[in-house]
Amino acid sequence: IESVPLQNLQVGQLVRILRDELVPADLVLLQSSEDDGLCYLETASIDGESNLKLRQAHSRTQNNSNNAKWIDALITCDAPNCEIYHFQGNLQEPLANTNNNALALSNNNFLPRGAVLVNTDWILGVVVYTGRDTKIMQNIRPAQRKRTKMDQLNDEQTGHIVLLLFLLVIILF
């Protein structure tokens, strides 16, 4: 296990996050320290809600102790978008011997960037969006300057005064 700087994370990398650590990119949860694959997230920095969010790893990824198996797995999911509460995808197991070898992924398996892992010792996830493609970054809008009615009135009156002064200068000239 090696520590990787945030800017060097790439889509498809396996990431291990420990208790009270920030989720560095949008992840799909594969395993958790909890027996049932549950993990708890605090998302107050994303949505302002102080209650914990519950996420769960798929039973086939949680019960597989061979993490190397997931290195060759293929995840197909939505294109990067700003819908924080919506995620859909499939996890295609490599070399699966079953006909139904794709695991359906939903928002229940998705960990957004900026959430904090709490009440869970560790999780293992795979990066699906990073950098500007994360859902939180897709939601950033340019700052809009709010103008009050008083500001608008001041601007209008200033324009009238400048126009009046310009007319007076022309008349006096």
Side-chain angles (χ1 to χ4, degrees), residues 1-97 101-143:
I1 298 176
E2 66 180 78
S3 181
V4 176
L6 175 66
Q7 63 269 18
N8 292 345
L9 279 180
Q10 295 179 352
V11 172
Q13 277 186 310
L14 289 176
V15 177
R16 184 176 182 162
I17 298 173
L18 304 176
R19 180 189 300 254
D20 298 326
E21 285 186 347
L22 197 69
V23 177
D26 289 349
L27 305 176
V28 167
L29 179 63
L30 296 178
Q31 290 182 341
S32 166
S33 61
E34 305 295 320
D35 291 336
D36 48 7
L38 293 175
C39 77
Y40 301 91
L41 299 175
E42 181 181 279
T43 60
S45 62
I46 299 172
D47 57 13
E49 293 183 19
S50 59
N51 57 331
L52 298 180
K53 305 290 188 294
L54 182 66
R55 297 292 189 259
Q56 186 170 22
H58 195 283
S59 60
R60 291 203 335 229
T61 63
Q62 173 66 22
N63 296 328
N64 187 341
S65 60
N66 181 10
N67 293 336
K69 173 182 179 178
W70 301 108
I71 292 175
D72 293 327
L74 175 67
I75 293 181
T76 54
C77 59
D78 300 333
N81 60 59
C82 63
E83 297 178 38
I84 292 177
Y85 299 108
H86 179 76
F87 178 80
Q88 274 189 308
N90 290 309
L91 175 65
Q92 188 79 26
E93 292 183 68
L95 306 173
N97 295 328
N101 56 356
L103 307 177
L105 301 173
S106 68
N107 205 43
N108 190 42
N109 312 111
F110 181 75
L111 309 177
R113 176 183 176 179
V116 177
L117 182 67
V118 293
N119 299 342
T120 308
D121 292 334
W122 58 267
I123 59 159
L124 182 68
V126 62
V127 177
V128 287
Y129 306 121
T130 185
R132 302 274 318 150
D133 291 338
T134 59
K135 292 187 179 281
I136 193 75
M137 294 298 281
Q138 292 280 320
N139 273 291
I140 294 177
R141 306 265 191 270

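A quick note: this is a predicted structure, and the numbers were derived from the prediction, not measured. Below, all heavy atoms of this structure are taken into account, side chains as well, without hydrogens, waters or symmetry copies.
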How about Pro24 and Val127: do any of their side-chain heavy atoms sit closer than 4.5 Å?
no

Tell me, do Asp20 and Val118 make a side-chain contact under 4.5 Å, heavy atoms counted?
yes

Contact between Thr61 and Leu103 at the side-chain level, heavy atoms closer than 4.5 Å - yes or no?
yes

Neighbour count >12 (heavy atoms, 6.0 Å) for atom CG, Asp35:
no

Side-chain touch Arg60/Leu91, heavy atoms, less than 4.5 angstrom:
no

State, to 0.1 Å, how close Glu34 and Asn119 come at their nearest heavy-atom pair, and which atoms those are.
OE2-O, 3.8 Å

Do Ser45 and Ile136 make a side-chain contact, defined as non-hydrogen atoms from C-beta onward lying under 4.5 Å apart?
no

On a heavy-atom basis, the closest approach of Lys135 and Ile84 is CD-CA, 4.0 Å

Quick check for you: to the nearest 0.5 Å, what is the distance between His58 atom NE2 and Leu105 atom CG?
8.0 Å

With the side chain counted from C-beta on, respond yes when Asp47 and Lys53 share a heavy-atom pair under 4.5 Å apart, and no when they do not.
yes

Any side-chain heavy-atom pair from Leu111 and Cys39 closer than 4.5 angstrom?
yes

Smallest separation among heavy atoms of Gly37 and Leu29, with atom names:
O-CD2, 3.7 Å

Determine the interplanar angle of the Phe87 and Phe110 rings, folded into 0 to 90°, and report it as parallel if under 30°, tilted if 30 to 60°, perpendicular if over 60°.
parallel

Please report the closest heavy-atom contact between Tyr40 and Leu38, naming both atoms and the distance.
OH-CD1, 4.2 Å

Is the shortest side-chain N to carboxylate O distance from Asp26 to Arg113 below 4.0 Å?
no

So, does Gln31 use its side chain to make a donor-acceptor pair with the main chain of Ala57 at under 3.5 Å?
no

